[in-house]
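Structure first, then comments.
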Amino acid sequence: MACHEPEESCFCKVFGTDAADPEADADVKGIADVAAWMVEGSLYWKALTEKGEALTEAVKELLTPADGDQAKVDAEKEAIHNIVEKLPYTHLSLEGWDGNATDAKFNSPVWETLYKPCLACGTCTFVCPTCQCYDIKDYDTGHGVKRYRCWDSCMYSDFTMMAHGNNRTSQLQRFRQRFMHKLVYFPANNNGMYSCVGCGRCVEKCPSSLNIVKVIKAFEKHGGEK
């Protein structure tokens, strides 16, 4: 579904998402079966794949033909594009961030300054739609031991704690890991795709105003030099 009102904290365009046109994203990434736009209280719907056609057929009693309304959808797209272009982070540069930047970014002194305001609260990880860290817990239920997978955060000091201890012993290391994963490690292992969608949730929720935008800008300013 197209984003009717992009937030000021959004920067989805930086990571290749067209907020106005899910159909365009689907063409490139194959990620959608139906594209939809909300215009003047009406939902405009377009099937993009065979699955989308099947879904459309299944709910056809709820739909009516939108012949002649393409101009309204086009106007909605233009309005969204105009909003996106004016957002403060829309033209954020990812230059120097990719799967080949491991050594330069990992060893940069920029992290020493960046991490210090971090409270290790984990808010950024819990609001992030692409964070997926988890822990494994064993519980005695009274009827045997059950093992559960539960949500966790790479920002916590006991994350990945093992018998020998923790392989990241400082908050600097944990802070660095989160953003290196998003911007370097993930694209290195996923054909250049970043583990960030530019939703801006971390921009809005971090109590210390630390977020991926600030990290990218800090490295842009200092060049990420050793």
Side-chain angles (χ1 to χ4, degrees), residues 7 9-12 14-15 17 89 92 94 96-222 224 226:
E7 296 286 345
S9 56
C10 295
F11 47 102
C12 59
V14 175
F15 291 98
T17 296
Y89 307 135
L92 191 68
L94 292 177
W97 291 100
D98 56 46
N100 299 313
T102 301
D103 290 341
K105 291 295 189 287
F106 188 92
N107 295 315
S108 172
V110 176
W111 299 111
E112 281 283 355
T113 303
L114 271 177
Y115 94 93
K116 290 182 179 178
C118 180
L119 302 175
C121 65
T123 297
C124 55
T125 61
F126 290 128
V127 299
C128 178
T130 63
C131 276
Q132 50 193 302
C133 288
Y134 63 90
D135 194 8
I136 299 294
K137 299 286 187 181
D138 292 334
Y139 291 96
D140 184 352
T141 65
H143 303 283
V145 175
K146 296 289 186 180
R147 176 164 289 179
Y148 297 91
R149 189 172 79 164
C150 53
W151 211 357
D152 205 346
S153 172
C154 63
M155 302 299 276
Y156 294 163
S157 60
D158 62 350
F159 180 67
T160 65
M161 181 74 76
M162 295 171 277
H164 77 283
N166 194 325
N167 60 346
R168 297 187 193 102
T169 56
S170 70
Q171 194 57 30
L172 182 153
Q173 294 172 340
R174 292 185 284 273
F175 182 88
R176 178 178 60 192
Q177 163 63 23
R178 169 169 162 74
F179 297 105
M180 287 290 289
H181 178 236
K182 297 290 185 190
L183 298 169
V184 180
Y185 305 151
F186 196 89
N189 293 287
N190 293 275
N191 299 315
M193 181 173 65
Y194 293 97
S195 182
C196 177
V197 295
C199 68
R201 293 178 184 178
C202 61
V203 175
E204 293 183 347
K205 299 300 182 182
C206 177
S208 296
S209 297
L210 285 175
N211 51 68
I212 198 167
V213 170
K214 183 168 285 188
V215 170
I216 293 172
K217 284 188 172 183
F219 275 87
E220 183 179 16
K221 179 179 178 181
H222 296 283
K226 294 183 180 181

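Computed from a predicted model, the values in this text were never measured in an experiment.
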Q | Donor-acceptor under 3.5 Å (T125 side chain, C131 main chain) | A | no
Q.
Under a 3.5 Å distance rule, please check whether D140 uses its side chain to pair with a backbone N or O of G142 as donor and acceptor.
A. yes
Q) To the nearest 0.5 Å, how far apart are SG in C202 and NZ in K182? A) 8.5 Å
(Q) I need the T123 OG1 to N211 CG distance, nearest 0.5 Å. (A) 12.5 Å
Q) If you round to the nearest 0.5 Å, how far is CZ of F11 from CD1 of I216? A) 6.5 Å
Q. Who pairs with Y134 by ring-ring contact (aromatic ring centres under 6.0 Å, His included), at least two apart in sequence or on another chain?
A. none
**Q.** Atom pair OG/CG of S208 and L210 - distance to nearest 0.5 Å
**A.** 5.5 Å
Q. Where is the tightest heavy-atom contact between Y89 and C10, given as atom of each residue plus distance?
A. CB-O, 4.2 Å
Q) Short question: side chain of W111, backbone of K105 - any donor-acceptor pair under 3.5 Å? A) yes
Q: Mind checking side chain to side chain donor-acceptor pair (under 3.5 Å) for S9 and listing every partner two or more places apart, or none if nothing turns up?
A: E204
Q | Distance-minimising heavy-atom pair for S209 and K214 | A | O-NZ, 2.8 Å
Q. Which heavy atom in F126 sits nearest to a heavy atom in S153, and how many Å separate them?
A. CZ-CB, 4.2 Å
Q) Between F219 and W97, is the gap from one ring center to the other below 6.0 Å? A) yes
Q) Under the 6.0 Å and 45° cation-pi test, does R174 pair with Y156? A) no
Q: Check for a donor-acceptor pair, side chain of K217 on one end and backbone N or O of L92 on the other, with a separation under 3.5 Å.
A: no
Q. Considering only heavy atoms from C-beta outward, does the side chain of Q171 approach that of K116 to under 4.5 Å?
A. no
Q. To the nearest 0.5 Å, how far apart are OH in Y185 and CE in M180?
A. 3.5 Å
**Q.** F15 to G198 - nearest heavy-atom pair and separation
**A.** CD1-N, 3.8 Å
(Q) Take a 6.0 Å sphere around CG of N191 and say whether it holds more than 12 heavy atoms from other residues, nucleotides or ligands. (A) no
Q. Should the ring pair H181 and F186 be called parallel, tilted or perpendicular, given that the plane angle runs from 0 to 90° and is split at 30 and 60?
A. perpendicular
Q | Closest heavy-atom pair and its distance - V110, A218 | A | CG1-CB, 4.0 Å
Q. Hey, is the main chain of F106 close enough, under 3.5 Å, to the side chain of R176 for a donor-acceptor pair?
A. yes
Q | Within-4.5 Å side-chain heavy-atom neighbours: F179 and L114 | A | no
Q) Is the backbone of S170 close enough, under 3.5 Å, to the side chain of Q173 for a donor and an acceptor to pair up by distance? A) yes
**Q.** Between CG on residue L183 and OG on residue S195, distance to nearest 0.5 Å
**A.** 8.5 Å
